[in-house]
Amino acid sequence: MPSKQKNKSKPPVGTSLAEILFSQGFGSRRECDGLIGTGRVAVEGQVVEDYDALFEPQGLTIQVDGVTWPVRERALVLLHKPAGFECSQKPKHHPSVMSLLPVPLRLRGVQPIGRLDEETTGLLLLTDDGPLIHKLTHPKRHVPKLYHAVTARPVEPDQLAKLLAGVVLRDDPVPVRALACEKLGDNTLSLVLAEGKYHQARRMIAAVGNHVEQLRRVAFGTVTLPDDLPEGQWRWITLEEEAALISPPLAKNVE
Ligand code: URA
């Protein structure tokens with residue numbers, strides 16, 4: 001574990017523990033000093049009460065009140081969104097998905113990367129990196145999103161064909177089409193969409209004569225919803241998942 005640098009001949013290396021805590025959303029500088037000074041912070045399992053102690057933040061793990069946190073320059077997490085939560089910061093009818101996240105993530109200002117409507121469940125990515133949100137939701141980037149829908153009426157071959165060929169939605173003259181579409185059961189289908197238009201999956205399925213009863217997002221780009229993550233729970237995106245999500249080349253130039 002890196003230790004506090006006292007050698008006068010060398011400049012100190014690393015970032016103070018207080019600064020690291022502050023960068024990770026643990027409150028004001030004063031509050032971070034207080035957490036450290038009262039012995040509530042450990043680094044790699046060892047309590048550190050000196051808020052000036054220097055550490056290399058990259059790859060560091062800290063514990064605050066016994067909860068382990070990876071130190072990350074960018075917060076990027078995956079939430080298994082339940083029904084009955086709004087993606088807005090200022091929800092109107094239901095609680096916000098933000099209420100499912102711990103305070104440090106909220107203080108870091110994480111925001112959903114593309115919204116799900118309140119009744120839709122499944123994979124929601126959130127980050128505090130505004131330019132990343134812009135990149136991954138930019139229409140030109142065509143990030144594929146996989147949905148599973150339970151429909152009110154049986155899924156018919158002509159409905160799948162129309163979804164693939166493209167349908168015109170009421171408020172938009174440009175047809176939108178599914179990149180892929182498959183029947184999964186009598187009343188279930190999968191749908192891959194490149195855009196993120198308002199209620200897009202529900203409106204497309206309505207446009208081909210069916211009706212969505214349940215909608216679940218199963219994948220966003222290269223990230224898939226883990227089978228073992230219960231609804232309402234979140235986890236960090238691993239660095240490998242992050243690299244894969246961000247690295248695919250753009251379909252067209254995106255600023
Ligand atoms: N399409 C919808 O209709 N709702 C969502 O939440 C996402 C895609």
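Predicted, not measured: the structure shown is a model, and the values here were computed from it. Start at 1 and go down the list; that is how both ligands and their atoms are numbered.
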### Query
Tell me: protein heavy atom nearest atom 1 (N) of ligand 1, and distance?
Ala201 N, 3.0 Å
### Summary
Among non-hydrogen protein atoms, atom 6 (O) of ligand 1 lies closest to Asp117 N, 2.8 Å
If the cut-off is 4.0 Å to any non-hydrogen atom of [X], which atoms of ligand 1 fall inside it?
X      : value
Tyr147 : 7 (C), 8 (C)
His199 : 1 (N), 2 (C), 3 (O)
Leu215 : 1 (N), 2 (C), 3 (O), 4 (N), 5 (C)
Thr120 : 4 (N), 5 (C), 6 (O)

### Query
Would you say Arg115 and ligand 1 have an N/O pair spaced under 3.5 Å apart?
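It does not: no N or O of Arg115 is found under 3.5 Å from an N or O of ligand 1.
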### Query
Once you round to the nearest 0.5 Å, how far does CD of Glu241 lie from CZ of Arg235?
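So the CD of Glu241 and the CZ of Arg235 are separated by 4.0 Å.
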#### Entry: Flag if over 12 foreign heavy atoms under 6.0 Å of OH, Tyr51
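No, the 6.0 Å shell around OH holds no more than 12 heavy atoms from other groups.
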### Message
Is it the case that over 12 heavy atoms from other parts of the model lie below 6.0 angstrom from the CD atom of Glu156?
### Response
yes
### Query
Would you say the side-chain atoms of Ser96 pair up with the backbone N or O of Ser88, donor to acceptor, closer than 3.5 Å?
yes
### Test applied, side-chain contact (heavy atoms from CB on, under 4.5 Å); reference residue, Leu136; option that passes from Asp129, Thr127, Ile113
Ile113
### With Thr120, the side-chain hydrogen bond (donor to acceptor under 3.5 Å, both in side chains) member among Lys81, Arg216, Arg202
Arg202
### Task
Specify side chain, backbone, both or neither for Leu116, according to which of its non-hydrogen atoms lie closer than 4.0 Å to ligand 1.
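It is both parts that get close, each with some atom under 4.0 Å.
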